[in-house]
Amino acid sequence: NAGVTQTPKFRILKIGQSMTLQCTQDMNHNYMYWYRQDPGMGLKLIYYSVGAGITDKGEVPNGYNVSRSTTEDFPLRLELAAPSQTSVYFCASSDADNNQPQHFGDGTRLSIL
Amino acid sequence: QKEVEQNSGPLSVPEGAIASLNCTYSDRVSQSFFWYRQYSGKSPELIMSIYSNGDKEDGRFTAQLNKASQYVSLLIRDSQPSDSATYLCAVFSGGYNKLIFGAGTRLAVHP
């Protein structure tokens, strides 16, 4: 049982480059989320989606974009990478509504140099 | 006041002891409460959910919720070195309509 799958696991980008972090889940969850976690800090919500075709901003959306064309996939796009975006990115999903526990992928460790 | 507050630790306990982790939250209409364990370099892993006042036990873990006092705690009995991790408290805030995470408490269990 795969759960939430994130790719890649590690990536180094140069300032100004762009990339897409992939996230897919096989639990048929409606809700999906993107978080970032800086060293020694908690999770900060970047974007979330309540279903295919619907996305909304979280706490720290600047510099990121998302799309949700299918229930399974929720990619996160960085258009112009900046050193401040160096972080660990986690994708999560939950069933039915926000009141349910979230299940996390293994994360993507991203460094911007 | 932070929405979900935890002592950052580290909380150091000897092997076999009870570890007590605490979390307070600010939104009085919060409905759901979760404890996640996060090993260094790994993703958060759900270990307990609690929705109503009182205690909920699962193996060596007990979650305690007191909505009137706005706190939730996690007790780990017979602590093992493998329990050494950061424990994240998460609260579903009805006011903000989202799950809010605390910064986590680092637990160190020493032999």
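A note on names: the letters A, B, ... follow the listed sequences, proteins ahead of strands, and every chain is numbered from 1. Computed from a prediction, not measured in an experiment: that's the story for all the values here.
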task = Could you tell me which of B/Pro44, B/Ser49, B/Gly104 has the largest number of non-hydrogen atom pairs under 4.5 Å with chain A?
result =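 Most heavy-atom pairs within the cutoff with chain A belong to B/Pro44.
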Starting from [Y], can I reach [X] by hopping between I/L/V/M/F/W/Y residues whose side chains sit under 4.5 Å apart?
| X | Y | answer |
| --- | --- | --- |
| B/Leu88 | B/Leu75 | no |
| A/Leu76 | A/Met19 | yes |
| A/Leu80 | A/Trp34 | no |
| A/Tyr47 | A/Leu78 | yes |

query = Can you tell me if B/Ser43 uses its side chain to pair, donor with acceptor, with the backbone of A/Gly107 under 3.5 Å?
reply =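 No; judged by distance alone, with no hydrogens or angles, the pair does not exist.
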Backbone N/O of A/Gln102 and side chain of B/Tyr36: donor-acceptor pair under 3.5 Å =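 Yes.
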Can you tell me if [atom1] on [X] sees more than 12 non-hydrogen neighbours from other groups inside 6.0 Å?
| X | atom1 | value |
| --- | --- | --- |
| A/Arg77 | CZ | yes |
| B/Arg106 | CZ | no |
| A/Ile12 | CD1 | no |

key: pair A/Phe104-B/Gln38: side-chain heavy atoms closer than 4.5 Å   =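 Not in contact.
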ask   = Taking atom OH of A/Tyr35 and atom CG of B/Leu99, what is their separation to the nearest 0.5 Å?
value =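 So the OH of A/Tyr35 and the CG of B/Leu99 are separated by 5.0 Å.
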Closest non-hydrogen atom pair, A/Gln100 against B/Phe34 =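 So the two residues come closest at C-CZ, 3.8 Å.
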inquiry  = Which heavy atom of B/Lys42 sits nearest to which heavy atom of A/Phe90, and what is that distance?
reply    =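 For B/Lys42 and A/Phe90, the tightest heavy-atom pair comes out as O-CZ, 3.7 Å.
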ask   = So which part of A/Gln6 gets closer than 4.5 Å to some heavy atom of chain B, the side chain, the backbone, both or neither?
value =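 Contact with chain B involves no heavy atom of A/Gln6 at all.
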Pairs of heavy atoms under 4.5 Å with chain B: top-ranked of A/Gln37, A/Lys44, A/Met41 =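 Maximum pair count with chain B is reached by A/Gln37.
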